[in-house]
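Order of the sequence lines sets the chain letters (A, B, ...), proteins ahead of strands, with each chain counted from 1. The structure displayed is predicted, hence computed values, not measured ones.
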Amino acid sequence: MSDIANVATGATVVALTNVHKSFGPLKVLDGVTFDVARGDVLCIIGRSGSGKSTALRCIDRFETIDSGEIVVCGRKVHDPALDLRALRQDVGIVFQSYNLFPHLTIEENITLAPTCVKGTSKAEAREQARAALAQVGLSDKIQHYPEQLSGGQQQRAAIARSLAMRPKVMLFDEVTSALDPELTGEVLKVIEGLAADGMTMVMVTHEMGFARSIADRVVFMHRGKVHEHGTAAVLTTPTTPELAQFLGTGL
Amino acid sequence: MSDIANVATGATVVALTNVHKSFGPLKVLDGVTFDVARGDVLCIIGRSGSGKSTALRCIDRFETIDSGEIVVCGRKVHDPALDLRALRQDVGIVFQSYNLFPHLTIEENITLAPTCVKGTSKAEAREQARAALAQVGLSDKIQHYPEQLSGGQQQRAAIARSLAMRPKVMLFDEVTSALDPELTGEVLKVIEGLAADGMTMVMVTHEMGFARSIADRVVFMHRGKVHEHGTAAVLTTPTTPELAQFLGTGL
Amino acid sequence: MKINLDFGAILERWPSFVSGAIMTLELAVIATVLGTAIGVLGAIARRSGHPVATRVAAFYVESIRNTPLLVQIFLVYFGLASLGVKFPAFTVAAAALTINVGAYTTEIIRAGFDAIPKAQIEAAEGLALSKPQIYWHVVMLPAIEKVYPALTSQFVLLMLASSVTSQISAEELTAVANYIQSDTYRAFETYILVAIAYVALSLVMRAGFYGLGLVMFPRRRRLGTPL
Amino acid sequence: MGGSLNVNHLAFLANGALWTIGLSLIALVGGGLAGFVVALARISPLRAVRILAAGYVQLIQGTPLLVIMFLTYFGLPPLGITVSPLTAASVSLTVYVGAYLGEIWRGCIESVPKQQWEAAEGLALSRTQRMMRVILPQAVRIATPPTVGFMVQIIKNTSLASVVGFVELARAGQIINNALFEPFLIYLIIAVVYFALCYPVSRLSRRLEASQGRPRLSVETA
Amino acid sequence: DLLDDVMKAKKIRIATDMAIPPSGMMDSAMKPTGSDVETAQLLAKDWGLEIEWIQTTGATRIPNVQTNKADIIVSTLSVTPERAKVIDFTKPYAALQSVVGCLKTATVKDWADLKDKTIAVSRGTTQDTELSNMKDRNLKLARFDDDATMVTAAVSGQADCVASSATIVNQIGVKNPGRVFEPKVPIRNFDLAIGVRQGEPKMIEKLNEWIAANLKNGKLNEIYKKFHGSELPPEMRG
Ligand SMILES: Nc1ncnc2c1ncn2[C@@H]1O[C@H](COP(=O)(O)OP(=O)(O)OP(=O)(O)O)[C@@H](O)[C@H]1O
Ligand SMILES: Nc1ncnc2c1ncn2[C@@H]1O[C@H](COP(=O)(O)OP(=O)(O)OP(=O)(O)O)[C@@H](O)[C@H]1O
Ligand SMILES: [Mg+2]
Ligand SMILES: [Mg+2]
């Protein structure tokens, strides 16, 4: 298959091919196909319930799929023989609700996975944590507990936690929708920085302005299908009435 | 005092005069003065923590104030002799988090207060519920339970529940901020309809576009003070740097 | 060493077992109903903010929860007698069990009340409902729904614990068993049957509470998420 | 027979109270270990293990402790296993407390939000690492107040060990009452001693609850 | 063989309920005492054995010997055919004189007067069985778990009649001078015997010898009189 060949050459990092997925009687993904090249930022937009989160979660194998194929960094995600933990070392995922571990300090949150999973030494992991926190502008909070941070700071810490694993791809699922407009700004700035550094990213977002300014490619999902697909330009000149309507009400 | 005189003539429905309020050491309202004329829509905008919700809650006596005066429909809200339940029959309030009663159907949610408080007969209350639900475009959900409704539908049901009490003033506190853009649209449409019908409304909102299109007057709060105050025009031509900055980051 | 289990002599007396089981169930049902009433009132008292009501309720709850039921039963039974008040054993047993379980339900229902979001109460206040109306329409049912599993487990435990009322001559299941086993000296057979009977009774109670839950919480039934 | 309450009686009661405390500690340690296993078994990925554990919990929670004690002490010897009273009491209390603590702790583990599991999974932690490093530390905090609260029930329930020959607090009181016939006085003394043992534990559990701002929803035996 | 084992160990394990005065109880120094206790002590002395007391409750007397946790039971066991199916009994060493006792002031003379009166009884005792079988007499029974609770009920006023031994009936007035009980209606006498688990004929035989000897020499009667205040029935004293 061509997608896999592409991965081998290093061009395509994430590829979904004709993915189907149902929850019971509900068809949530109905033949979804898209791919993401190394260093690109792909934004997934669409109505609530259109399957955006599910698509993202399938990429990191948080959901199984019914048919189709997903390849991430050359790994077939739904191969039963897949080394799940290896996949997750390559892929970082950040959710809407931060999900920092409340019983650990920010530093411990960040060093946990590198020391446990990669066997990084404590000292080195701490060094990496410091670097990751600097990247998201949170160096002064390293010894704090999550509940001592504002929502935006927590979200940035969660991003740093994923970054410390040095993933090849980052997945973001509506990482700003629990935040007020001001805190949203902080987080988006961090993501912009990552994009500028050339990180490959897939993000589900409701922030059209942000998608416009950062996305290399945009996927508009509608009823479990990829309804439009193109560069950020589709956000200004939609070609289907559904996307036009979505953008119209979107603000 | 002139405000009270105004109320007597029917022009001013809500009037705050030099209202102060602290939570412990934190000054939240610091001399707030504004009023709302019958049939007007007043939008309160401002940063998180600037005291918007507190101002709104003081109007319906969910908070006590330290000094100043609030008059609603001719009633001194902070008079110890105030008949609280009479005030709340005149004032409807809708919160960000819907707060429908989860164990009651939508119809029961709506008929509860009219039957309990006003002694309306069951049949009549049911009639009113149907009318209020039609007004918010939810007639088909009358026998559903809240959790069976989407966020936007729940919020509209909450509005219908308040409307069924036939209040003279409606207060809305960020009624759309828990919703995604599309559901937001539904709710805003309902509020527009109410405005067109001449309902007096005070709303705290983050939706600048909406405020622009619907507000008769706008109050910009900043650090517990009314920092700017004017018609919707201030949103396009702010006169203070704080409002200009707020509008810049506000989206 | 061997014991020949012979259930014949015991099973012959099944009518006594049945009547004992019925009394156990009666005690459990009475204490459940009255205990729920006490629990609701106690929980309201504990949250009332009224200094006397709060303290009385707290004293009641603490003194019951921190002493064994058996001791409470003796104190009620012999205490009443030394005041010259005489009731049938069944009445005293039911009263003592009610007082006991009332303290636990007070705590559980109070937790249910505390679990009702403040926003719900504010919403009701905003609709001009009075305080009693809010308690009745907005707080009570959802609170009980939230703690329903804990509450029903408590009542099943109460049923098991009712066995100690045999000490004050209530003829419930354990009393019947003690009678039969000291009359026949077949303790094993008796205790095995009693264990089976108690497990069966607790299943009956759980089934009953499940059914009651379906009636009390129509929303759960309609949404297919019964407790 | 007869006489009045003297210092020997009080010493006898004190000795009974010591047994009450000792048995409570045994129950807590044994039941704690059993409860841990039960809790893990109840959320095991293996269906058979889950069903087995659920059956165990149902059975034990439906049987009075007295009956469990009796069957352990007198029911095992015919099967060729000799048990001393101490062993029998320890085994019964372990089996009994394990079922209750297991259920309490399962609830606590499950009340750690699902997102925490997912976040840990997304960081490539193994199942054991997720459990030990992320879930259990959080569950322990949630579990402390109801566990301490359940301790009170254990203290009271050790009274049933009299069936295997232990003269603990309640039985000691009964024996003395049978010599003196002063039920009101003696049961009042026993009530006070139990209260003195239990109340500090109750208070502790409440304090822990308050410090977590979490209402009590745990189940208690009478 | 049980007898050999006991003799070899020089120790005998005796199950007794210490909560059924005056047969088994604690004295003011919290030492075991009572008629059963002294009987057992006499036995041990005669046989040159040491005693290990096995504390039982009413419900666990029998299982204790069945499961070899005790060698014999000396604990007011009265003999019935039903019970004899489960354990073996020796010849009687004492007798239980059962009566219905009521308040001294009550006008009770015979069974007819007891109709509609509540009679307290110890659950599962022979008195209980006996009265329970008198269906045509319309007796109302209140059963308590042990003698002590029953007496306490009478002392405290929860019961106005008790069915028990004459000794216990007399005890009530001692505890509460305001409520003096006296025996009113005799039930009948029950034989009390030592219990041994089934299949130990040598032990039974040896115990029977010992009982016969001590009934003859009056020692058992002495013990009985000391605690129960009356002599054993003449036919028993032989
Ligand atoms: N675990 C699940 N079980 C059953 N249905 C599910 C599950 N997860 C998601 N769904 C359903 O699948 C559909 C798609 O969900 P998904 O979360 O992918 O939507 P989304 O596009 O991310 O929406 P949103 O913008 O609201 O997050 C929804 O209708 C949702 O209710
Ligand atoms: N009950 C309270 N006790 C103590 N402080 C409070 C309380 N309610 C609000 N505050 C504080 O008062 C300040 C103003 O709160 P308020 O809710 O009025 O702000 P807001 O303008 O509505 O903000 P937002 O946009 O975030 O809702 C905040 O700093 C808040 O933390
Ligand atoms: Mg989503
Ligand atoms: Mg607010």
Q) Atom OH in B:Tyr145, atom CZ in C:Arg220: separation rounded to 0.5 Å? A) 11.5 Å

Q. Backbone N or O of B:Pro102 within a donor-acceptor pair of the C:Arg219 side chain at under 3.5 Å?
A. yes

Q: Taking all non-hydrogen atoms of both residues into account, name the closest pair between B:His103 and C:Val138 and its distance.
A: CE1-O, 3.8 Å

Q: I would like to know whether C:Leu127 and B:Arg88 meet side-chain contact (heavy atoms from CB on, under 4.5 Å); could you show each step before the answer?
A: CA-CA 6 Å; C:Leu127 290 168; B:Arg88 287 179 176 158; over 6 Å; no

Q) Got a sec: does the CZ of C:Phe87 have more than 12 other heavy atoms crowding it under 6.0 Å? A) no

**Q.** B:Lys168, NZ: over 12 other non-hydrogen atoms inside 6.0 angstrom
**A.** no

Q.
For C:Ala128, is there any backbone N or O sitting under 3.5 Å from a side-chain donor or acceptor partner on B:Arg85?
A. yes

Q | Contact class of C:Pro218 relative to chain B, heavy atoms under 4.5 angstrom | A | both

**Q.** Toward chain C, the part of B:Leu100 with a non-hydrogen atom under 4.5 Å
**A.** backbone

**Q.** Per-residue contact mode, B:Val94 against chain C (heavy atom under 4.5 angstrom)
**A.** neither

Q: Indicate yes or no: does C:Glu125 engage B:Arg61 in a salt bridge with an N to O separation below 4.0 Å.
A: no

Q: Under 4.5 Å heavy-atom distance to chain B, tell me which part of C:Gln120 shows up: side chain, backbone, both or neither.
A: both

Q: Identify which part of B:Gln148 has an atom lying under 4.5 Å from any heavy atom of chain C, answering side chain, backbone, both or neither.
A: side chain

Q: Could you look at B:Phe95 and say if it's the side chain, the backbone, both or neither that has a heavy atom under 4.5 Å from chain C?
A: side chain

**Q.** Whether C:His137 side chain and B:Cys116 backbone form a donor-acceptor pair below 3.5 Å
**A.** no

Q) Considering all heavy atoms of both residues, which atom of B:Ala113 and which atom of C:Leu129 are nearest to each other, and what is their separation? A) CA-CD2, 3.9 Å

Q.
Can you give me the closest heavy-atom contact between C:Gly126 and B:Phe62, atom names plus distance?
A. N-CZ, 3.5 Å

